[in-house]
Amino acid sequence: MLDLSRLNPPQREAVLHDAGPLVVFAGAGSGKTRVITYRIAHLVSERGVSPSQILAVTFTNKAAGEMRDRIRVLLPGVSCPWVGTFHAICARLLRRHAEAINLNPQFVIYDDTDQKAMLTRLVRELDLDERRFVPRELARQIEAAKRDMLGPEDITARSFEQDVMQRVYALYEERMGQCGALDFNDLIYRTVLALRKHDGLRTMLQRFWQHILVDEFQDTNLSQLELVRVLAAEHQNLCVVGDDDQSIYKWRGADRRNILDFKTSFPSAEVVKLEQNYRSSAHILSAATAVIARNSEREPKTLWTENPEGEKIRVIVCADERDEARAISEAVRKLRDHYSLAQMVIFYRTHAQSRVLEEEMRACNFPYRVVGGQRFYERAEVKDVLAYLRVLVNPSDDVSLLRIINTPVRGIGKTTIDKLLDMAAQRGASVWSTLQVAVAEQAFPKAAHTKLAAFTELMADAQKRASQGRGPGELADHVLEKTGYLQLLRAEDTAEADGRIENVEELVASIREFENEAETPTLSQYLELVTLQSNADEVNADDKLTLMTVHAAKGLEFPVVWVAGLEERVFPLTRQDTLRDDDLEEERRLAYVAFTRAEQRLYLSYACARRLHGDLMVGIPSRFIDEIPAEHVQQVSRVNTGYGGYARGAAGAASGSYGYGSSRPSGYPSGARPNYGASGNRAAPQQRFIGTKAPAPKTPARPPGESYIDRSDADEGGSVFIGMRVRHAKYGEGQVKSVEGGHPPRVTVAFTGWGVKQIVASFLEPA
DNA sequence: GTCTCTCGCCTTTTT
DNA sequence: GGCGAGAGAC
């Protein structure tokens, strides 16, 4: 008998919900996963539903894995239901029913790099202007179309651009089919199309799955909604769980209306709200709810907690990003008395921010791990090896074939490849089959022919081995041996090459591991697993400090959370100077996600100056800090000017007050105060540009009360900003036009009467 | 054909 | 600060 005593009343209601659609609005830290897993356990153990008739859909592989683990604990000895990501489930369905729906069962999945390579080729083939029709942009549009269940024929072209897009899309689809390739969005799009078209398949699956549960429903897009709607049509037992306030993937097509309007789409749906938070201290929860309350169009909910008040949130005002990193390391050092490193996490808005933090943690000898970043399977050398394996499974895979045809370098150059591509386009066939014909007919000049023939022979031989049932590991070894890939890297004898060798070896090890552990250790299974796995989710077994983006943090919780870089333009992130309301609301949800990960202690920091894209910018505290009621905050300034960072109004709504306040009566020495507006720089309304290509201010940086010009520091080349008025002993007054850096650092200055000169920065002083 | 250097782009977030 | 693409030299 399943023990439901640990569930609160709404949780129990959701678990026991009998039949028909159910939407669970699960606030942050309200026990969402517990509800899903208990519901599944309840269905199996109390209601006699067979596990195989339950489908549970998640958003990430990690969430799927955790759900499986928890179900196994609740249902020991019982087989596990289908639990997987939308993409993994669809890939499995498509492969299993490939023949019935006229699909190559050996299809490969193209990631965005492959997709871009394909589009680049098409753009060139159609002789389009690559600057006007950027492959990445075309990819984005095709993605958007598929998310909305639109094929090429559904695009109404109202302009030349749209017309071209439609043609590219159509050709893209044709070529993808020819290559036996599907992109990420195809997995869902094609599954839905197949379900619409093939009555037998649809009916079978609709009857098969009696219960469908979807996690993180706020992040589903139209095609995903359509998928579960179709699959649940027969039994209507669709249970969706999510939190509209934690929807952070709008840019990827996620539509919050899917959960907000669930009751409209399924009028018989029962609505349950989980509002008790078990995770965070009262201060943290109150702060987070106050911030998210600023958003419009939310499902009304009131989160509450029985947890103690806890510590106030610390807002740390830092001089610059290095100072911020130091503030974090100092805090970590102190906190280690009470917490393990694994209990602490640093969040940031963009990956670019991690570098400085990593440097600091390394300098302090704190073991850390960065989640995300450059992914293992996207590294060039790893993709190379995988491309060989992909061609073995599916020789029509042009993108992979073209990747390896001259990798490692074997004398098959651009001219030869271009000719080969022409032939393939004319024949309307794959590059591989064209290659075989060309070799047989000796269509190329002797030198090129020899090399092409050798490559063809190499691949044909490996294919033979593959078809004889050699395992993935053996095939990988064979290919690496025959191509001399590793020998060539070893011969390079550089640290970089050594790193690549390590990665290749790690890949081979992962293939071996797969062989030993998988039920069906086929090469194509392995390739699919690899493509659908974002990053090898390391186990957090060792005691390491974690660094990650806020997006990566969804679903996690930590006793101690530090959110770095809470500055306007960084978090909320804005590209240009505009921030549309709905984009701002998404950023606010992101902040809400970040804050609500914290259990006991939450630190928020911002830097008064930050190097961004190589430019030095003035940091203005994020509006999300201002939106936290003052009673939950304790501010700590590391910028000792007697001016404690920014002035917080009594109501905590002192928006528009800057770290370097224009309201401050005395600050910059007379004349040295940056005259942003008049300097003719790109001065954004909320963020001022104060320099370029100059090192960040020395750490600890000068307090803002002092000038950026400081001769003792001039030998670092910093402390000068474009537009600044400066004085030179000989040339007199002038205005800085650009900052060159170098040793010694030089600055280009336009002097009154002397013209533009390059001057070593240390000979200048503020005018 | 290959290698190297420079330029210019961009950095939001991921299955 | 990092990468890919393209141009130019060998």
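Here is how names work: the chains are called A, B, and so on, in the same order as the sequence lines, proteins then strands, and each is numbered from 1.
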Report all side-chain donor-acceptor pairs from residues 547-556 of chain A shorter than 3.5 Å, counting only partners two or more places apart or in another chain.
| unit_1 | atom_1 | unit_2 | atom_2 | d |
| --- | --- | --- | --- | --- |
| Thr549(A) | OG1 | Ala552(A) | N | 3.2 |
| His551(A) | NE2 | Ile248(A) | O | 3.1 |
| Lys554(A) | NZ | Asp219(A) | OD2 | 2.2 |

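Between the P atom of dG1(B) and the NZ atom of Lys419(A) lies a distance of 10 Å, rounded to the nearest Å. Taking atom CG of residue Asn406(A) and atom C1' of nucleotide dC3(B), one finds them 12 Å apart after rounding to whole Å. Spacing between atom CG of Asp219(A) and atom P of dT13(B) amounts to 16 Å, rounded to whole angstrom units. In this entry the distance linking CZ of Arg136(A) with P of dC3(C) reads 16 Å, nearest Å. Between Lys383(A) atom NZ and dG4(C) atom P the separation is 11 Å, expressed in whole Å.
Proximity of Val168(A) to Leu128(A): side-chain heavy atoms (C-beta onward) are separated by under 4.5 Å at one or more points.
In this structure a side-chain-to-backbone donor-acceptor pair under 3.5 Å is present from Asn221(A) to Ser223(A).
Scanning DNA chain B for stems, defined as runs of 3 or more consecutive Watson-Crick or G-U wobble pairs whose donor-acceptor distances all fall under 3.5 Å, gives the following ranges: B:1-9 with C:2-10.
Side-chain proximity of Arg355(A) to the nucleotides dG1(B), dT14(B), dG1(C) is greatest for dG1(C).
Residue pairs that meet the salt bridge (Lys or Arg N to Asp or Glu O under 4.0 Å) test with at least one member in residues 85-96 of chain A, sequence neighbours left out, are Arg95(A)-Glu528(A).
Stacking annotation: Tyr249(A) is not stacked on the base of dT13(B) (requires ring centroids less than 5.5 angstrom apart and an interplanar angle below 30 degrees).
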